[in-house]
Number of protein chains: 2
Amino acid sequence: MTPPSDLARRADRRAAILEAAALEFAVRGYDATRAADVARRAGVASGTVFYHFGDKATLFREVFADDLPRARGLAEEARRLDDPVNAALHLVDGLAADVLVPGAPVLAAELVRRVGVDPELARVVAETDRITRGALAETIERGVRTGRFDPTLDPPTAAGLVLAMVDGLYLGADPEHDLRPALRRAVAAYLRSPDMTEEDDDRPT
Amino acid sequence: MTPPSDLARRADRRAAILEAAALEFAVRGYDATRAADVARRAGVASGTVFYHFGDKATLFREVFADDLPRARGLAEEARRLDDPVNAALHLVDGLAADVLVPGAPVLAAELVRRVGVDPELARVVAETDRITRGALAETIERGVRTGRFDPTLDPPTAAGLVLAMVDGLYLGADPEHDLRPALRRAVAAYLRSPDMTEEDDDRPT
DNA sequence: GTCTATACACCGATAGAC
DNA sequence: GTCTATCGGTGTATAGAC
């Protein structure tokens with residue numbers, strides 16, 4: 001259980017600020033979110049935010065800190081799935097997991113913009129992208145080789161397109177209509193070998 | 001030719017400011033772009049920017065002023081194409097026309113964010129979206145009815161997914177790799193009736 | 001570690017000369 | 001119509017008390 005109080009308290013504070021920051025960034029965007037807003041929502045003073053994170057840019061980066069390990073895990077899982085169709089759809093499901101969380105469109109949009117401004121953030125995002133893109137391209141290549149996918153597909157290009165589809169879902173994200181089932185279907189149709197007319201590619205999440 | 005000098009000069013100035021604004025917004029984003037930046041690039045004084053556009057929010061909105069008429073024109077063209085496949089791909093081509101212009105990702109991201117902040121902008125974007133989405137859904141419905149498309153497709157949902165794909169292309173936009181050909185292929189594969197194994201859907205831009 | 005209070009920089013928008 | 005000059009509002013980050 002490790003020493004309870006102080007270390008845990010510190011982590012709690014950090015986590016509270018981080019959660020508040022994610023929420024505020026997601027509704028107001030980066031610039032419009034003031035440190036005071038985050039502090040109020042987290043129930044701390046504005047100075048405390050800076051004590052823990054140094055500056056606002058770092059706070060924003062930390063909101064996305066989990067993405068990289070998550071991407072690694074997802075890539076690993078995909079590699080373990082024998083069927084390329086299942087593997088590709090598993091990647092898509094994992095990447096699109098958060099599309100319906102409120103504020104996702106704004107948060108995604110802000111991420112795109114901040115990447116052009118914050119080189120450290122760009123580095124992390126590029127690495128995450130490299131892993132995801134690699135896993136997807138690898139999966140597609142596997143499908144092409146085994147005849148399950150359209151042999152005229154260029155795996156890196158196809159991977160790029162599938163990733164773009166997922167990104168697009170984040171932008172439009174309407175909580176009323178979950179487009180993820182349609183996305184699965186479209187991805188499957190795009191990748192599938194043209195001569196496999198009938199094939200069941202449904203799979204429970 | 002209409003009276004040359006003053007009226008034309010005014011329009012030129014406006015256009016110059018608008019072009020400068022689009023460029024600046026596309027690289028720095030909305031908040032980080034100062035009126036002075038736009039003014040400098042346009043070769044005018046900062047006060048002149050406010051004289052022509054009133055405030056920064058209006059300036060940003062005006063950058064997208066062309067989108068609505070463009071959407072109307074595109075929808076009209078699609079309606080005139082008999083073949084649903086050609087019509088759908090024509091819409092996709094038109095919507096994705098600007099993916100490769102430098103700064104497109106940031107501009108697209110900023111648009112998403114500003115829509116949540118500027119109700120007037122939201123109104124215009126919603127109207128543009130309504131037109132595009134309607135034309136696409138209508139086209140898909142036509143394709144389903146005539147047996148060219150997958151009969152299990154729900155036209156509004158499918159339209160939403162196709163629009164999301166296009167949006168996704170704007171986000172990732174890498175000038176090195178034009179994903180639009182892959183997009184055309186994916187859209188065609190997604191919509192196409194599963195029992196039409198062999199079909200030529202290529203068409204010059 | 002966390003708070004309060006504030007210094008300092010910055011930028012949108014305006015006023016008024018030309 | 002366009003410029004120069006400036007003001008007011010705002011928000012990051014820090015300094016120092018507790």
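To find a chain, count down the sequence lines: A is the first, B the second, and so on, and within it residues start at 1. Just the heavy atoms: all of them, side chains too, but no hydrogens, waters or symmetry mates, feed the values below. All values derive from a computational prediction rather than experimental measurement.
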Donor-acceptor contact below 3.5 Å, side chain B:Arg180 vs main chain B:Ala97: yes
Apply the test ring-ring contact (aromatic ring centres under 6.0 Å, His included) to residues A:Phe60 and A:Phe25: give CA-CA distance (whole Å), side-chain angles for both, the deciding distance (0.1 Å), then the verdict. CA-CA 8 Å; A:Phe60 185 80; A:Phe25 285 141; 5.1 Å; yes
Could you tell me the boundaries of the chain A footprint on DNA chain D, defined by atoms under 4.0 Å from its heavy atoms? D:dG11 to D:dT14
Under 3.5 Å donor-acceptor, A:Tyr190 side chain and B:Leu183 backbone: no
Using a 3.5 Å distance criterion without hydrogens, assess whether the side chain of B:Lys56 forms a donor-acceptor pair with backbone atoms of B:Thr33. yes
With the threshold set at 4.0 Å, does a side-chain nitrogen-carboxylate oxygen contact exist between B:Arg14 and B:Glu62? yes
Where do A:Thr132 and A:Ala71 come nearest, in terms of heavy atoms and distance? OG1-CB, 4.0 Å
Tell me yes or no: between the side chains of B:Thr152 and A:Arg185, is some donor less than 3.5 Å from an acceptor? yes
Note: contacts of residues 14-48 of chain B with DNA chain D (heavy atom, under 4.0 Å) are B:Val44, B:Ala45, B:Thr48
